[in-house]
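What follows is one structure encoded as structure tokens, with my remarks underneath.
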2 protein chains.
Amino acid sequence: MSPRKFFHPDLADLTLHRVLFALSDPTRLAVVSELMKTGERASGDLLAESVPRSTMTHHLKILREAGVTRTRPEGMRCLISLRRQDIDARFPGLLDAIMAHGGAEA
Amino acid sequence: MSPRKFFHPDLADLTLHRVLFALSDPTRLAVVSELMKTGERASGDLLAESVPRSTMTHHLKILREAGVTRTRPEGMRCLISLRRQDIDARFPGLLDAIMAHGGAEA
DNA sequence: GTCTATGTACGATTTTCGTCGTACATCGTA
DNA sequence: TACGATGTACGACGAAAATCGTACATAGAC
């Protein structure tokens with residue numbers, strides 16, 4: 001019945017320490033780095049390494065609830081995208097500064 | 001005997017996710033914000049709110065071991081300063097982007 | 001040396017996080 | 001309807017974090 005709803009915080013509700021926390025994990029940092037490079041990605045395509053589905057779901061939930069990403073159901077899959085404009089509006093330069101390093105080193 | 005030694009990670013050992021984690025706590029964010037505004041501060045002067053000494057020591061240790069701050073014993077007190085140059089060298093623009101927001105909202 | 005001020009170290013407790021297996025829900029298709 | 005593919009929800013477990021009280025160490029003043 002429920003067409004798969006996901007909670008996304010409002011722009012005004014984003015807090016700096018929550019965003020920073022969401023980005024303080026190597027796995028999540030790698031996901032954001034991937035999204036910045038390739039744009040919207042299906043959840044399953046982010047499962048490159050040996051990360052179980054449920055673990056990835058957990059990380060994506062943290063990113064989403066911190067306001068870093070947006071999750072959009074598309075058929076059978078979930079498309080994940082960065083909330084670039086929102087984050088840039090609230091914390092100008094933050095994403096660029098963080099990802100300038102590449103995020104490779106995590 | 002020991003003239004109070006503190007461990008500080010080398011510049012090359014700073015990792016992005018550790019730095020972000022150190023900054024993902026409201027109390028620590030407030031400390032860094034204070035340091036950016038007023039420069040070097042004594043540890044005790046950072047105890048503004050109802051934070052017990054031992055708790056503040058804990059937070060300062062996290063910041064120090066992540067490479068965000070430097071602790072320097074000066075007489076009876078401990079002077080805390082930002083490792084501005086180091087962080088800027090390794091993660092250009094990061095501190096500015098984070099603190100542009102003021103850090104007030106934490 | 002004694003006393004006081006400033007911080008640290010250690011330990012205990014509670015909470016949170018990261019991981020993952022299993023069960024369930026959704027979506028498309030046959 | 002049933003089936004397979006994709007993800008989520010829930011629970012459990014171990015590891016780490018946040019808090020704070022108490023005891024200890026250091027530095028200066030007396």
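First the proteins, then the strands, lettered A, B, ... as listed; each starts at 1.
D:dT8 atom P lies 8 Å from atom CZ of A:R64, rounded to whole Å. The interatomic distance linking B:R18 (CZ) with D:dA16 (P) rounds to 10 Å, in whole Å. C:dT6 atom P lies 9 Å from atom CG of B:D45, rounded to whole Å. Rounded to whole Å, atom P of C:dC17 lies 5 Å from atom CZ of A:F21. Rounded to whole angstrom, the span from the CG atom of B:D25 across to the C1' atom of C:dT15 amounts to 14 Å. Taking atom CD of residue B:E74 and atom P of nucleotide C:dT8, one finds them 14 Å apart after rounding to whole Å. Atom pair A:L20:CG and D:dA17:P shows a separation of 17 Å (rounding to whole Å applied). For the pair A:I62 CD1 and C:dT19 P, the computed distance is 10 Å after rounding to whole Å.
For C:dT19, one of the phosphate oxygens OP1 or OP2 lies less than 4.0 angstrom from a side-chain nitrogen or oxygen of A:H59. Considering only side-chain N and O atoms, B:R77 lies nowhere under 4.0 angstrom from the phosphate OP1 or OP2 of C:dT6.
Under the 3.5 Å distance criterion, the side-chain polar atoms of B:R28 are left unmatched by any main-chain donor or acceptor of B:I62. Side chain of A:T57 to backbone of A:R53: a donor-acceptor contact under 3.5 angstrom is found. Side-chain atoms of B:R64 come within 3.5 Å of backbone N or O of B:F7 as a donor-acceptor pair. Without hydrogens or angle criteria, B:D25 side chain to B:T27 main chain gives a donor-acceptor distance under 3.5 Å.
If you check D:dG7, C:dG21, C:dA9 against the side chain of B:S54, the one that comes closest is C:dA9. Each of D:dT6, C:dA5, C:dG7 was ranked by its minimum atom distance to the side chain of B:M76; first place goes to C:dA5. Comparing atom distances between the A:R28 side chain and each of D:dT6, D:dG21, C:dG18 picks out C:dG18 as nearest. When each of D:dT6, C:dT19, D:dG21 is scored by its nearest atom to the side-chain atoms of A:T55, the top-ranked nucleotide is C:dT19. Residue B:R53 has its side chain nearest to C:dG7 when only D:dA18, D:dC20, C:dG7 are considered.
Taking the centre and axis of the six-membered ring of B:F6, the NZ or CZ atom of B:R70 falls outside the cone set by 45° and 6.0 Å.
Residue A:T57 places no side-chain atom within donor-acceptor reach of the base of D:dG7, judged by atom type and a 3.5 Å distance cut-off alone.
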